[in-house]
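A short worksheet on the structure shown next.
In this chain, residues are counted from 1 in sequence order. Just follow the structure's listing: the first ligand is 1, and inside any ligand the first atom is 1.
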Amino acid sequence: MGLIVAIDGEAGAGKSTVAKEVAKMLNFVYVDTGAMFRCVTLDALNKKIDVSNKDGIAEILENIEIKFENDALGQKVFLNGLDVTDKIRTKDVDDKVAEFAAVGEIREKLKELEQEMGKMGNIVMEGRDIGTTIFPNADVKLYIEVSEEERARRRYNQNLEKGINMSYEEILANIKKRHKLETEREISPLRKAEDAIEIDTTNMTFEESIKRIITIINDVKIGKNLKN
Ligand code: DC
């Protein structure tokens, strides 16, 4: 069985970019579990099923199929056979996903799917509760941290590039609000697993973060006598 690398941390900590690159370098499968919560949310929005509609949610979960596919341009996300790579990143989904991610039945179903995807190992799975709940025995557990101010600064610059007009203060306030929601929710709140290695990338370049993570993974491989 191959290695399981769990990467957790808050939104905007640059987890996805780092996780993707690490998976590419190791030739591992990359799973973005946030995208899976986004798929459930999109499905519910499309079907006009409210977060409090238990029967409606049960029906969604019974039939849901989420797939990831890699191509030259990156990873594509398929929901029930349809390419939703862009649709899961819209503002409607952004606004609602945290509410859906707090529903126990949804978390249970996605846990099953995530554990199934990781069964063979050689996987980098990224999210909020991978090292704590999904794969508590993962070979490598990383917790990515970035100061809230730095996250706000990065988001502000990304927004400028995209032509989105939002003040730094407003972005910082959103980040703080999200932190509270994610760390204080009842089921599977975001927290660092006790045995996770914390990586604070506030003052690191992207390359430095990658180098640090690859070194950690290689050390684990050496410890396990794995060559590649
Ligand atoms: O990483 P992201 O912003 O795409 O995640 C979308 C939402 O899903 C966000 O509200 C956090 C939640 N999430 C979660 O609760 N557990 C995970 N393992 C991954 C994401």
Side-chain angles (χ1 to χ4, degrees), residues 4-23 29-45 51 57 60-61 64 66 68 74-79 84-118 123-136 138 140-146 148 151-152 154-155 158-159 162 164 171 173-193 196 201:
I4 295 182
V5 179
I7 302 189
D8 291 303
E10 267 180 77
K15 268 179 305 150
S16 300
T17 335
V18 164
K20 251 182 241 166
E21 181 63 19
V22 168
V29 173
Y30 162 65
V31 176
D32 169 3
T33 60
M36 298 170 74
F37 284 94
R38 287 170 180 275
C39 281
V40 175
T41 308
L42 177 68
D43 208 10
L45 291 177
V51 70
I57 297 219
I60 285 184
L61 296 177
I64 203 157
I66 300 170
F68 293 101
Q75 193 167 62
K76 286 207 161 104
V77 187
F78 290 85
L79 165 65
V84 293
T85 314
D86 297 326
K87 289 198 181 81
I88 58 169
R89 307 281 163 197
T90 58
K91 185 164 185 318
D92 287 349
V93 174
D94 267 350
D95 289 345
K96 285 282 171 196
V97 64
E99 281 175 48
F100 283 89
V103 175
E105 289 80 2
I106 297 178
R107 300 208 72 88
E108 272 309 308
K109 173 70 184 191
L110 292 192
K111 180 178 175 181
E112 257 173 50
L113 298 181
E114 288 161 16
Q115 289 180 336
E116 181 65 30
M117 286 177 181
I123 191 163
V124 176
M125 191 172 281
E126 173 233 318
R128 306 292 192 284
D129 59 345
I130 312 305
T132 52
T133 308
I134 308 301
F135 289 114
V140 182
K141 292 186 192 179
L142 304 171
Y143 192 86
I144 312 283
E145 284 266 40
V146 180
E148 290 182 332
R151 270 188 279 151
R154 290 181 191 174
R155 174 51 61 94
Q158 281 165 7
N159 282 355
K162 290 187 197 158
I164 302 170
I171 294 171
N174 279 346
I175 286 176
K176 287 184 192 284
K177 194 169 127 199
R178 192 128 146 188
H179 172 82
K180 207 169 145 59
L181 267 178
E182 292 202 0
T183 52
E184 293 179 12
R185 78 165 167 237
E186 227 163 274
I187 313 165
S188 259
L190 170 71
R191 68 179 170 80
K192 177 182 159 300
T201 67

[X] with [Y]: basic N within carboxylate O range, under 4.0 Å:
X: Glu182; Y: Arg128; value: yes
X: Arg89; Y: Asp32; value: yes
X: Glu99; Y: Lys96; value: yes

Which protein heavy atom lies closest to [atom], and at what distance to 0.1 Å?
atom: atom 1 (O) of ligand 1; answer: Arg128 NH1, 3.0 Å
atom: atom 7 (C) of ligand 1; answer: Val97 CG2, 3.6 Å
atom: atom 8 (O) of ligand 1; answer: Phe37 CB, 3.7 Å
atom: atom 12 (C) of ligand 1; answer: Ala101 CB, 3.8 Å
atom: atom 19 (C) of ligand 1; answer: Thr33 OG1, 3.4 Å

Is it the case that the side chain of Lys192 and the backbone of Tyr143 share a donor-acceptor pair, with hydrogens and angles ignored and the cut-off at 3.5 Å?
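No, because the side chain of Lys192 does not come within donor-acceptor range (under 3.5 Å) of the backbone of Tyr143.
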Ignoring hydrogens and angles, tell me if any N or O in the side chain of Asn159 forms a donor-acceptor pair with the backbone of Ile164 under 3.5 Å.
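No: the side chain of Asn159 does not pair with the backbone of Ile164.
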Using a strict cut-off of 4.0 Å, indicate which atoms of ligand 1 neighbour a heavy atom of Arg178.
3 (O)
Show the atoms of ligand 1 that are less than 4.0 angstrom away from any heavy atom in Arg38.
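Once the distances to Arg38 are compared, the set is 2 (P), 3 (O), 4 (O), 6 (C).
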I need the contact type for Arg185 against ligand 1. Using non-hydrogen atoms and a strict under-4.0 Å cut-off, is it side chain, backbone, both or neither?
side chain
Evaluating non-hydrogen atoms only, which member of [options] is closest to [atom]?
atom: atom 10 (O) of ligand 1; options: Ala98, Gly127, Pro189; value: Ala98
atom: atom 15 (O) of ligand 1; options: Lys15, Arg107, Met36, Glu182; value: Arg107
atom: atom 5 (O) of ligand 1; options: Ala35, Gly34, Ala102; value: Gly34

So with a 6.0 Å cut-off around CZ of Arg154, is the heavy-atom count from everything else above 12?
yes
Would you say that more than 12 heavy atoms from the other residues, nucleotides or ligands in this model lie under 6.0 Å from the CZ of Arg151, or not?
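Result for CZ/Arg151: enclosed.
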Going by atom types alone, do Tyr30 and Gln75 pair a side-chain donor with an acceptor below 3.5 Å?
no
